[in-house]
Structure formats: C-alpha cells, structure tokens
There are 2 protein chains.
Amino acid sequence: MATIAVENYLKHVLLLSEGGADLVPMGALASALAVVPGTATTMVKALADEGLLEHLPRQGVRLTAEGRRVALNVLRKHRLVETFLVHVLKMDWSRVHEEAEQLEHAISDEVLDRLDALLGHPQSDPHGDPIPSAHGKLSSQVYATLATCVADRPLRIVRVTEQSAEFLQFAEQNGLLPGAALRVSDRNLPAGLVTVRRATGRSLALSLVAAGKILVEPER
Amino acid sequence: MATIAVENYLKHVLLLSEGGADLVPMGALASALAVVPGTATTMVKALADEGLLEHLPRQGVRLTAEGRRVALNVLRKHRLVETFLVHVLKMDWSRVHEEAEQLEHAISDEVLDRLDALLGHPQSDPHGDPIPSAHGKLSSQVYATLATCVADRPLRIVRVTEQSAEFLQFAEQNGLLPGAALRVSDRNLPAGLVTVRRATGRSLALSLVAAGKILVEPER
DNA sequence: AGATTTATTTTGACTAATCAAAATAGACGC
DNA sequence: GCGTCTATTTTGATTAGTCAAAATAAATCT
C-alpha cells in the first residue's frame, strides 16, 4: 500500500505535468512538495524502483501507467472530498483544499464511490477542476484565461486554478466563482492590469497574474 | 500536533481504562495496538515526557488531563465518522470501524463539528457506544451492549431494549434480566455470534443482533 | 524461602522520510 | 573553449516508530 508521502509525490507529478510538459523537473517537484531537492531525488529513485515513475537523471520524472493510476485515484479523492465539504457540509470554498489534503489519504475506495454517488457523480469540483472518473479518465480541456481571452465577449468562469486561501477568499468576495458570467472590458498589458465587468454591471481590476489563474469559456 | 501513532496510543489507553481500571497495564496496551511490549514501553515514556500520560513503571499508565482531552477528541471523531458512514453513506455497520480508524486522524475539528450538526448531535454511534461531547464529556447514561462491550470483563445487565414478547421470553428463560451478572467469553463477528457466560457458569450463544439489544455496564 | 513463571524494560538494529551541505553535471556566455 | 552559474545528485546525520531478543523485576507456587 502506498504511504502518504508516496501518494503525494505521485499526485504532484501528475499535477505538474498537466500543463503539457512531458518531464517534470526535480526542482519543480521538490518545491511543490516543500522538500529540499536532495530529498526529492532520493524519493524519486525509490519510486522508480517500485515502477511508479520513470526517472531520467538530471532531466526529470514522468509517471508510469501504474503511477498515473495511483495519482489519479488520489486526485479523484481530493476533488470529490472538496465537493462534499462544500456541497454537503457547507464549508467555505477557500478552506476545503487544506482539509482535502489530509482526507485524500484516509478514505477508502468504497467510501470514495459512495461519496461520488451521493454527490451525483460530479465532473468538476468547486474550483472547477475536473474530477478524474472512476476508471482513470481526466478530461483535459484547455481553457483560455482572463489574461489571454478575447476582450468584450461574454464569458463564463469554468475554473480557478489557485489553492491559496487568500486568493480564493478574494475571488469569492468579488463573485469570481466557477459559473459566474462576465466579460473583459479592458486589458492594459504595460500596466499589467485586466479590467472585467461582471454580469451585475460591477467592474473590477485584476493583476495579470491573478487574471491568468481564472479559466473561462465563451458564454453560450 | 499529535501524530497518528500518538493519537492511537492515547485513544487505546482511554478505551482500556473505560472498564473502571485506574491503571492500564503495558501488555494490554501493547496488544490493543498490535505492537510488541517493548515498543509500547518506549512510546509510553515519550508520551509521559510530553505530559500526555503518567507512567508508573512495571504497573501501567493513565492519562493526564491533557492526554484525556486529546483521546476524547479522537474518540469523538471516530464515533461520529462511524455514524456518518452508516447513516449518510449507508455503509455496512461491520465495515465502518476500519474506515473510521483511518479517518479519525484526518478530519479537522471544523469538519468534526459540521458532521456533528449534520447528524443532529447524536449521543451514541451505531454500535451504541457513547459519543464524547464537543467539550469532553463522555456520557455515562449511554451503555455498551453485549455486542460492543470489552470481552472477558465482568458485566451487569442494565437494560434490555426490545419490546417483542418472544425476545423477552427468551431473555427471561436464559436469565438475561437487568441485574444479572455475566461476561462475554467470545465474539465471532464473521459468524455474527456472541457467547456469554453467566455468573452461574452456564454459557449461551446469542446472535449479534440480539446481543446489541442488551445494555450492560462494567460490574463494580 | 527459593525456584519458576510472567510481565516489563532495555538494548541494539532497522525502515521511511527528511535536512544540510558538499560534489558534480550541464547549459550558457563570451 | 573555458570558466561560471544553476540544477541535481551524493553523502552523512537525524527523527519517529518499530521489532527481536536479552535483562530484570514482580508475582506465584510449591
């Protein structure tokens, strides 16, 4: 059985390789896991021996089929737990990530399935992140962000790709939740500012960095 | 923050001292935790240094006020999780214990409280075991049953929670009346059988369902 | 009381996961 | 092409929790 540390390594390799990158560099993995690089190297070699990932020295790592299976299962637990915490226990959007970080390693596959059924087999969590299916499919649609999309077109937020409580709280207070309707009214690259207008008519300025964390799709 | 191992040690000291015993002997603790006695000794000395329990060498251990607080919190998590799994996720009651064994170490106090509210502040879990209150009171109004109590300890029947004539007749014929002294000599969960030995020396087998209807308290 | 049995503690060793700091390999610039 | 910089790997130590087996203390039985 995979330990908590093993599950975390695999999960983070999966998350870091989501942006299309084939190989995840050691440095990125180490800092995602908040360990020093040497620790990541040691652990990665052990996981490679177990056949859970492939290690190309000085280049990076990628998941094997088996490692990916485990990582997807953990991610599925994480995102279903988040959904449960928000929809059933009515917890604050911004706080469920930390909680799920623990619970993802403690729930059995049976509880996972029952939770999934209870929630009506949702396909995305409260942040809009896709929930891997029971049989390991992860919908990987590529979305535009508020920083990159076409201006002055009606949009709908599909996903907020940031886990920090501060950011999520800010987003919530300003109605920047998955499902919200809005449009980009101005984009000032030199100043690094994006101005959006919500469906309610209210305007709001965001930094380019923040805007890049909010994924959108064309409305209708 | 207490580790999983620490939480387990404290929880088991609490459970083992519930039968009235002031000091929990090392051997009992070690076997409850499925570790060799030497391991328990080592760990117990560390916990004593942390002020979580008191260790009287060659005699046993007892919880300090702080240790008891932690142990009650873990037990509360365990029993509320069991209640949730049975009542909300409709899991089989025989399987929820293992599950709760993991989850009790992963849920935060906030989730705990919300779970408690969702379930309507129950005071006993599906096994009839009392759920410690949020502020550390363990109700003694709620009794264990022949299905849930510790084996091989002297018990006294306090109540038989069944109205049907057949059952009460059966109970009467076998001396299973309030006040009767007995102990559980064997419990075979897979077979769903509980064997009790009366003070008179006579043995008797009961179904788990029947045993769950007979509330008992530790003798003396 | 003296011998034996049983429970507990001690000692030494091991595993998983980690850090700090030194060594090394590649990439990059001029 | 050679030195510099940066990312990665190595090496040596540390911590939490564990086991096996020897040592010791206490209880029990003639």
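By convention in this document, chain letters (A, B, ...) are assigned in the order of the sequence lines, proteins followed by strands, and residues within each chain are numbered from 1.
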**OP:** Report the nucleotide, chosen from D/dT18, C/dA17, C/dT8, that has the shortest atom-to-atom distance to any side-chain atom of A/V6.
**Re:** C/dA17

Original post:
Out of D/dT9, D/dG17, C/dT8, which has the shortest distance to the side chain of B/T3?
Top reply: D/dG17

Subject >> Given D/dT8, D/dT18, C/dT18, the nucleotide with the shortest approach to the side chain of A/T42 >> reply: C/dT18

Original post:
So, is B/Y9 near the phosphate of D/dA16, with a side-chain N or O under 4.0 Å from OP1 or OP2?
Top reply: no

**OP:** For the side chain of B/P25, starting at C-beta, report the closest nucleotide among C/dT8, D/dG17, C/dA20.
**Re:** C/dT8

Original post:
Which part of the nucleic acid does B/G27 contact within heavy-atom distance under 4.0 Å: base, sugar-phosphate only, or nothing?
Top reply: sugar-phosphate

Original post:
When you measure from the side chain of A/H55, which nucleotide among D/dT9, C/dT18, D/dT10 comes out closest?
Top reply: D/dT9

Original post:
In whole Å, what is the span from the CD1 atom of B/I4 to the P atom of C/dA16?
Top reply: 17 Å

Subject >> Distance-only polar pair, side chains of B/H105 and B/N8, donor-acceptor under 3.5 Å >> reply: yes

Original post:
Whole-Å distance between D/dT24 P and B/Q59 CD?
Top reply: 20 Å

Original post:
If you measure only the distance, is there a donor-acceptor pair under 3.5 Å linking the side chains of A/H78 and A/H97?
Top reply: yes

**OP:** Output the single nucleotide from D/dT18, C/dT18, C/dT9 whose closest atom is nearest the side chain of A/A5.
**Re:** C/dT18

Subject >> From C/dT8, D/dT10, D/dA16, nucleotide with atom closest to B/R58 side chain >> reply: C/dT8

Original post:
Can you tell if the side chain of A/L75 reaches within under 4.5 Å of the side chain of A/L15, non-hydrogen atoms only?
Top reply: yes

**OP:** Tell me whether the OP1 or OP2 atom of C/dT9 has a side-chain N or O from B/T41 closer than 4.0 Å.
**Re:** yes

Original post:
OP1 or OP2 of D/dC19 sitting under 4.0 Å from any side-chain N/O of B/T39?
Top reply: yes

